[in-house]
There are 2 protein chains.
Amino acid sequence: MSISSRFAVGVHILTLIEFNKDGVSSSEYLAESVNTNPALIRKIIGMLKKADLVDVHPGIAGTKLARDLSDITLLDVYKAVNVVQDNKLFSMHENPNPKCPVGRNIQEAIMPIFSTAQRALEKVLGNVTLEDIVADIVEKEQIN
Amino acid sequence: MSISSRFAVGVHILTLIEFNKDGVSSSEYLAESVNTNPALIRKIIGMLKKADLVDVHPGIAGTKLARDLSDITLLDVYKAVNVVQDNKLFSMHENPNPKCPVGRNIQEAIMPIFSTAQRALEKVLGNVTLEDIVADIVEKEQIN
DNA sequence: CCTTATTGTAATTATTATAATTACAGGTAA
DNA sequence: TTACCTGTAATTATAATAATTACAATAAGG
């Protein structure tokens, strides 16, 4: 199965807040661009807030970025929206048979490889910032 | 969410077939070590067979490796058991709003990054063979 | 040829996560 | 006090996994 779209939506939200930085980015406004409902947006924004990526306050319309664009990586967003936990990207079968030499060692043999693979994936995300995404979209808009 | 344990089970199965190469690896035998039921094992073996990783025949008990240990990577197993499709590890929200500059470009902006991350993960799996896993387990057994 | 055992596969059920939606309490500003 | 927004819980629909049961098709051995 695949990693929740919360991650892609989180990136979308943050990017749009930047594009709309002179306006008010309410959950309804953001939901319209993402094409989903405001409650889901607020849930994700709550996670981004907990990770100190955005500023938002009850009763006050709009969300703002809490940091500079160049200081937010996709890895920050990925961690914030909690789509994959540490060392849990790959699931293992629980309870292999301890009476079998393979059964009693397979988890320890595989685990480090799974960790390495997951870290390789996350490293790629850590090398891309929101600034890159925004620049890419600005460029795409200029071409068309 | 996480990647199906079919992958870990597939690796377990192939490793155990090697350990038991002088015996008969029936689905029941394999299921006992994995600690699941034979039908699931047979389903996974069917996938491994389709990928030419094992030899198995209806009515004849036992499964054998179809290639040398050193010629089967974890990536081969991962692809065989079909846990993640190309470019589908990360899911995107469908139908972002095309009237919004961010909505109409976000998918194309994010997609290449997701692809790169997925490939980085898969590259790690491609660098490990079943021979490595078997050697690791043999070593762990000798120590204990 | 017939019995027995195994593989291949379909169908069923329970579990889990996601995503969409509704509803409403709590907070803020005008 | 009104109007609007955020925060959050509850509900529903959907989808994938994993476990399980069942059985047809196949092959070996007596």
Side-chain angles (χ1 to χ4, degrees), chain A residues 1-10 12-13 17 20 23-32 34-51 54-64 66 78 81-85 88-97, chain B residues 1-10 12-13 17 20 23-32 34-51 54-64 66 78 81-85 88-97:
Chain A
M1 210 180 169
S2 53
I3 293 170
S4 167
S5 67
R6 274 205 308 280
F7 178 30
V9 172
H12 186 148
I13 288 171
I17 291 171
N20 188 43
V24 175
S25 297
S26 66
S27 61
E28 191 181 341
Y29 170 82
L30 296 169
E32 206 163 300
V34 171
N35 197 22
T36 183
N37 60 81
L40 179 64
I41 298 292
R42 290 198 291 271
K43 188 177 171 189
I44 294 174
I45 285 182
M47 292 172 154
L48 298 174
K49 179 186 184 179
K50 197 174 289 185
V54 297
D55 286 326
V56 56
H57 304 281
I60 306 176
T63 302
K64 297 287 187 182
Y78 164 96
V81 298
N82 203 31
V83 281
V84 179
Q85 290 164 306
K88 297 279 172 144
L89 176 55
F90 295 91
S91 56
M92 302 260 302
H93 49 305
E94 312 285 321
N95 313 319
N97 190 339
Chain B
M1 211 178 169
S2 51
I3 294 170
S4 168
S5 65
R6 272 204 309 280
F7 178 31
V9 172
H12 185 149
I13 288 171
I17 290 171
N20 188 44
V24 175
S25 296
S26 66
S27 62
E28 191 180 340
Y29 170 81
L30 297 169
E32 206 164 301
V34 172
N35 196 23
T36 183
N37 61 80
L40 180 63
I41 298 292
R42 290 198 291 270
K43 188 177 171 189
I44 294 174
I45 284 181
M47 293 173 153
L48 298 174
K49 179 185 185 181
K50 197 174 288 183
V54 297
D55 286 326
V56 57
H57 304 280
I60 306 177
T63 301
K64 296 286 187 183
Y78 165 95
V81 298
N82 202 30
V83 281
V84 178
Q85 290 163 306
K88 297 277 172 147
L89 176 54
F90 295 92
S91 56
M92 302 260 302
H93 49 305
E94 312 286 320
N95 312 319
N97 191 339

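All chains are named by letter (A, B, ...) in the order of the sequence lines, taking the proteins before the strands, and each is independently numbered beginning at 1. Just so you know, these numbers come straight off a predicted model, no measurement behind them. We use all heavy atoms of the structure for the numbers below, so side chains are in, but hydrogens, waters and symmetry mates are not.
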Checklist entry - So what does A39(A) hit on the nucleic acid, given a heavy-atom distance under 4.0 Å: a base, only sugar-phosphate, or nothing? => result base

Item to check | Whole-Å distance separating the CZ atom of F7(B) from the C1' atom of dT17(D) | outcome: 17 Å

Checklist entry - Any idea which of dT18(C), dA18(D), dT7(C) is nearest the P58(B) side chain? => result dT7(C)

Item to check | Minimum-distance nucleotide (side-chain atoms of R42(B) versus dT21(C), dT9(C), dT20(D)) | outcome: dT9(C)

Next on the checklist: Measure CZ/R6(B) against P/dA19(D) and give the value in whole Å, please.
Outcome noted: 12 Å

Checklist entry - Which part of the nucleic acid, if any, lies within contact of H93(A), taking any heavy atom under 4.0 Å across all strands shown: a base, the sugar-phosphate backbone alone, or nothing? => result nothing

Checklist entry - What is the distance, rounded to the nearest whole Å, between atom CD1 of I41(B) and atom C1' of dT7(C)? => result 13 Å

Next on the checklist: Once you apply a heavy-atom cut-off of 4.0 Å, does T63(A) come out as touching a base, just sugar-phosphate, or nothing?
Outcome noted: nothing

Checklist entry - Pick one: which of T36(B), V81(B), I44(B) meets side chain to side chain contact (heavy atoms under 4.5 Å, CB included) with V9(B)? => result I44(B)

Checklist outcome for this item: Per nearest nucleotide of DNA chain C, the residue lying toward the 5' end, P38(A) or K43(B), is K43(B)

Next on the checklist: What is the separation between atom CE on M47(B) and atom P on dA18(D), rounded to the nearest whole Å?
Outcome noted: 10 Å

Next on the checklist: Between C1' on dT7(C) and CD1 on I13(B), what's the gap in Å once rounded to a whole number?
Outcome noted: 14 Å

Next on the checklist: Just to be sure I understand the rule, does K49(B) reach a base, reach only the sugar-phosphate, or reach nothing, if contact means heavy atoms closer than 4.0 Å?
Outcome noted: sugar-phosphate

Checklist entry - Should the ring pair F7(B) and Y78(B) be called parallel, tilted or perpendicular, given that the plane angle runs from 0 to 90° and is split at 30 and 60? => result perpendicular

Checklist entry - Below 4.0 angstrom from OP1 or OP2 of dA20(C), is there any side-chain N or O of T36(A)? => result yes

Item to check | Value in whole Å for how far the P atom of dT16(C) lies from NZ of K88(A) | outcome: 14 Å

Checklist outcome for this item: From CG of N95(B) across to P of dA19(C) the rounded distance in Å is 14 Å

Checklist entry - Can you tell me if the side-chain N/O atoms of S26(B) get under 4.0 Å from OP1 or OP2 in dT6(C)? => result no

Checklist entry - OP1 or OP2 of dT20(D) sitting under 4.0 Å from any side-chain N/O of N37(B)? => result yes

Checklist entry - Between dA18(D) and S4(B), is there an OP1 or OP2 to side-chain N/O distance shorter than 4.0 Å? => result yes

Next on the checklist: Minimum heavy-atom separation for H12(A) and P96(B), please, with both atom names.
Outcome noted: CE1-CB, 3.9 Å

Checklist entry - Taking atom P of dT22(C) as reference, at what distance in whole Å does atom CD of E28(A) sit? => result 13 Å

Checklist entry - Judged by atom type as modelled, is there a donor-acceptor pair below 3.5 Å linking the side chain of S5(B) to the main-chain atoms of A8(B)? => result no

Checklist outcome for this item: The reported gap from CG in L89(A) to CD1 in I3(B) (rounded to nearest 0.5 angstrom) is 4.0 Å

